[in-house]
2 protein chains.
Amino acid sequence: MRDEEKPAIRSLPLFHEVSTPTFEALMATSYSQSFPPQLDLFRQGDRADFLHILIEGSVELHADWNGREAVMAMVRPVSSFILAACIRDVPYLMSARTLERSRILLLPAVDLRAAIRREPELAGAVMTELAGSYRDMVRQAKNMKLRTARERLAAWLLDQAHRQGAANSFVLPVEKRHLASYLGMTPESLSRALAGLKAQGIAMDGARVIITDRERLSATAGYDPLIDSSDEGL
Amino acid sequence: MRDEEKPAIRSLPLFHEVSTPTFEALMATSYSQSFPPQLDLFRQGDRADFLHILIEGSVELHADWNGREAVMAMVRPVSSFILAACIRDVPYLMSARTLERSRILLLPAVDLRAAIRREPELAGAVMTELAGSYRDMVRQAKNMKLRTARERLAAWLLDQAHRQGAANSFVLPVEKRHLASYLGMTPESLSRALAGLKAQGIAMDGARVIITDRERLSATAGYDPLIDSSDEGL
DNA sequence: CGCACGCTTGATCTCCGTCAACCTGTGTGG
DNA sequence: CCACACAGGTTGACGGAGATCAAGCGTGCG
């Protein structure tokens, strides 16, 4: 792996409190690699041999069943993914695919588990990370069970605007069909839902979204911190 | 708390590897209490002051939004719930309500966090537990995004039969309206879905379900280990 | 230049939610 | 002890949200 990638990984919550020797040892058994867009990194059901850390680019986690597919998460750098499967040493529940050219660090799950046994600080960090991931998934399940497609979209737009620096205009970070799948609807429905939201405080310009009436949009989204904001900080 | 309750709690994966002094200290600051049916234990948004451990009875975790409600999980003894919120010291994302008269151990979250800092074994156990909970929630999200209401019901029936000792007949452990909410549908839809499944390998007798054709039911459910079976053992 | 792919739009269908009536077992009070 | 109220469940009629199928449109790339 490249030395210039280390600081970013080191500053992840996962590794921030780990001792330098352990961190260096983990990095020594890992390797980073660059992948082209649209590449399948692994498939659901595969053995969880590596913790993945996205250094650059973007990755989508999706699930398949009976010929249908659903995007479960969109990963942005720098962050790890599929930690839970590595910890429990069980098969992945989701498949991963690069969306853009991506640089990914592959950290052998066996080494990770060994390091955790050695360093309590690492166990604590993994614990906190997993608690956060669990809560994110609870939010997503609430979102799916309680809101309609249009409400999910409105909430996502607000959240996205918030993440991108609270600007009232931003560019969609993924193709619309991927967003549609993530929000649990078809591309056609997304298209119509976006059109419908034009009366509720947004305007579109290609892949750019302009929020013209935050209050109104927030009202139709039914924005709720217990669904929409992730556990920030800590 | 009662001494006769300790062994069951001790044998939970969470506490099995913990040193006896730490375990006893945790039990000393906890107290168990009996609650009547239909009682709200806490509400989403409340501060997570206690790890809850259900000793006896049954509890339902649900989420509320905009006047709608969805059952997120059904807890059966002996198991802990809302661990993640306690670990991160953030508000609950779900509300809890007893379904039957229930005995619950309340373990102060501050003490739990302190014990984790002291005992690496406990951190490891919490980590494994959270990884499992995360994966359960991923399964639930997949279930919601990929399957129709009828498919979810068929899969749930199979899973339930499996849990209750692979018998081909069992009694619903909760009222149908709760089950409906858990499966993300209305009571009316559940009623119709059950009626519809009579042609697909089940028969009903009040709250008793008889699986008459496991193969057929499994086919309409699209049974999939990556959605339906929990991480068992380990 | 033209094909391919993502997006949109329209027509139709299906699943499921809503509203309302009804049934049935249970528990309560006269 | 019976009558009635009530809650949970079922059934029917209807509507709406969203999926599906099928064109069309625009843009970027070979």
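Numbered from 1 within each chain, the chains take letters A, B, ... in sequence-line order. Since this is a predicted model, take the numbers as computed values, not measurements.
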Which pairs pass salt bridge (Lys or Arg N to Asp or Glu O under 4.0 Å) with one or both residues in [range], sequence neighbours excluded?
range: residues 177-204 of chain A; value: A:E175-A:R177
range: residues 61-85 of chain B; value: A:E151-B:R68, B:E69-B:R97
range: residues 206-216 of chain B; value: none

Close approaches to DNA chain C from residues 138-158 of chain B, in residue order (heavy atom, under 4.0 Å)
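Those residues whose heavy atoms fall under 4.0 Å from DNA chain C, taken from residues 138-158 of chain B in numerical order, are B:T148, B:A149.
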Under 4.0 Å, heavy atom to any atom of DNA chain C: which of residues 170-180 of chain A qualify?
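Nucleic-acid contacts, sorted: A:E175, A:K176, A:R177.
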Contact state string [nucleotides 19-30 of chain D, B base, S sugar-phosphate only, - no protein heavy atom under 4.0 Å]:
SBB---------
List the atom pairs, donor and acceptor, that lie under 3.5 Å between side-chain atoms in residues 30-37 of chain A and the rest of the protein, sequence neighbours left out.
unit_1	atom_1	unit_2	atom_2	d
A:S30	OG	A:L26	O	2.6
A:S32	OG	A:E5	OE1	3.2
A:S32	OG	A:R103	NH2	3.0
A:S34	OG	A:R101	NH1	3.3

Can you measure from CG (A:L153) to OH (A:Y182) and round to the nearest 0.5 angstrom?
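OH of A:Y182 is found 12.5 Å from CG of A:L153.
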With rounding to the nearest 0.5 angstrom, report the OG to CD1 distance, B:S80 to B:I104.
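B:S80 atom OG to B:I104 atom CD1 measures 12.0 Å (nearest 0.5 Å).
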Check: B:T98 side chain, B:L39 main-chain N or O, donor-acceptor pair, under 3.5 Å
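Flag set: sc B:T98 to bb B:L39 pair under 3.5 Å.
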Would you check if the side chain of B:D89 reaches a backbone N or O of B:C86 as a donor-acceptor pair within less than 3.5 Å?
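No.
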Should A:R147 and A:D228 count as an ion pair when the cut-off is N to O under 4.0 Å?
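Salt bridge flag = yes for A:D228 with A:R147.
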Going by an N to O cut-off under 4.0 Å, is there a salt bridge joining A:R139 and A:D224?
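A:D224 and A:R139: not salt-bridged.
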Contact check, side chains of B:Q160 and B:W156, non-hydrogen atoms, under 4.5 Å
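They are in side-chain contact.
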Span of DNA chain C, from the first to the last nucleotide whose atoms fall under 4.0 Å of chain A heavy atoms
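On DNA chain C, the outermost contacted nucleotides are C:dG6 to C:dA11.
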Could you check whether A:K6 makes a cation-pi contact with A:F15, meaning its NZ or CZ is under 6.0 Å from the centre of the six-membered ring and within 45° of the ring axis?
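Negative - A:K6 is either too far from the ring of A:F15 or too far off its axis.
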With sequence neighbours excluded, residues passing ring-ring contact (aromatic ring centres under 6.0 Å, His included) with B:H52:
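B:H52 satisfies ring-ring contact (aromatic ring centres under 6.0 Å, His included) with B:F42, B:F81 only.
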Test salt bridge (Lys or Arg N to Asp or Glu O under 4.0 Å) applied to B:D49 - qualifying residues, sequence neighbours left out
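B:D49 satisfies salt bridge (Lys or Arg N to Asp or Glu O under 4.0 Å) with B:R47 only.
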Using five pairs at either end of the helix from C:dC1-D:dG30 to C:dG30-D:dC1, determine the angle between the two local helix axes and round it to 10 degrees.
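Computed angle between terminal axes is 20°.
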Set of side chain to side chain donor-acceptor pair (under 3.5 Å) partners for B:S229, sequence neighbours left out:
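Testing B:S229 for side chain to side chain donor-acceptor pair (under 3.5 Å), a comparison that skips the adjacent residues, returns none.
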